[in-house]
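This structure is a prediction, so every number in the text was calculated from the model and none was measured. If you read the sequence from its start, that first residue is 1, and numbering goes on from there.
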Amino acid sequence: VQLQASGGGLVQAGGSLRLSCAASGRAFSSYAMGWFRQAPGKEREFVAAISWSGGTTYYVDSVKGRFTISRDNIKNTVYLRMNSLKPEDTAVYYCAAVQGSWSILGHEYYYWGQGTQVTVSS
């Protein structure tokens, strides 16, 4: 599975962005998907995950109520809708895939996209 993340950019605090992660290869629907982020000088952080069916989602507390993860298994794409963005959301955002159950642990994900930069100005 190859993953291509897009949709990042520069936005003012309070604004919105939608990230997309397009997957190539077969059996996308058998993979749980996650979004992670890494800010300068910080460790990579789990943001959100979604089960292979889309029926289960999970978020880190700092984005609950602001971010929404979703997927379209026909288009082989997972999305991260980000509302009410804050400067502390500034980071490179990565999508990742794991076969089977979703996880908050990055090392359990098999495949990673290249990352897309999100910058939130105050």
* **Crowding at CG, L105 (>12 non-hydrogen neighbours, <6.0 Å)** => yes
* In this structure, are over 12 heavy atoms from other groups packed under 6.0 Å from K64 atom NZ? ->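 Above 12, so yes.
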Rounded to the nearest 0.5 Å, what separates atom [atom1] in [X] from atom [atom2] in [Y]?
X	Y	atom1	atom2	answer
C21	Y93	SG	OH	14.5 Å
W52	S30	CH2	OG	9.5 Å
R71	S29	CZ	OG	7.0 Å
S62	E88	OG	CD	8.5 Å
L17	F67	CG	CZ	9.0 Å
S16	L85	OG	CG	6.0 Å

* To do: Mind running side chain to side chain donor-acceptor pair (under 3.5 Å) on D72 and T77 for me, showing each step along the way?
  => CA-CA 5 Å; D72 184 333; T77 302; over 6 Å; no
Can you tell if the side chain of [X] reaches within under 4.5 Å of the side chain of [Y], non-hydrogen atoms only?
X	Y	answer
Y110	Q99	yes
Q117	T90	yes
M33	F28	yes
I69	W35	yes
V98	Y31	no
Q114	Q4	yes
D89	R66	yes

What's the shortest heavy-atom distance between [X] and [Y], and which atoms?
X	Y	answer
S70	V78	O-CG2, 3.0 Å
A48	Y59	CB-CD2, 3.6 Å
R44	H107	NH2-N, 4.1 Å
A39	A91	N-CB, 3.8 Å
S122	P87	CB-CG, 3.8 Å
A23	L3	CB-CD2, 3.6 Å

* **Side-chain donor/acceptor of T116 to backbone N/O of G8, under 3.5 Å** =>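 Confirmed, T116 side chain pairs with G8 backbone.
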* State plainly whether one hydrophobic cluster holds both Y79 and V11, where clusters connect Ile, Leu, Val, Met, Phe, Trp and Tyr through side-chain heavy atoms under 4.5 angstrom apart. => no
* For the residue pair F36 and Y109, categorise the inter-ring angle as parallel (less than 30°), tilted (30 to 60°) or perpendicular (more than 60°). => perpendicular
* Taking M82 as the fixed residue, which of V47, V118, V63, T68 is the one that meets the side chain to side chain contact (heavy atoms under 4.5 Å, CB included) rule? -> V118
* **Cation-aromatic face contact R37/F46, 6.0 Å, 45 degrees** =>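 Not satisfied by the 6.0 Å and 45° rule.
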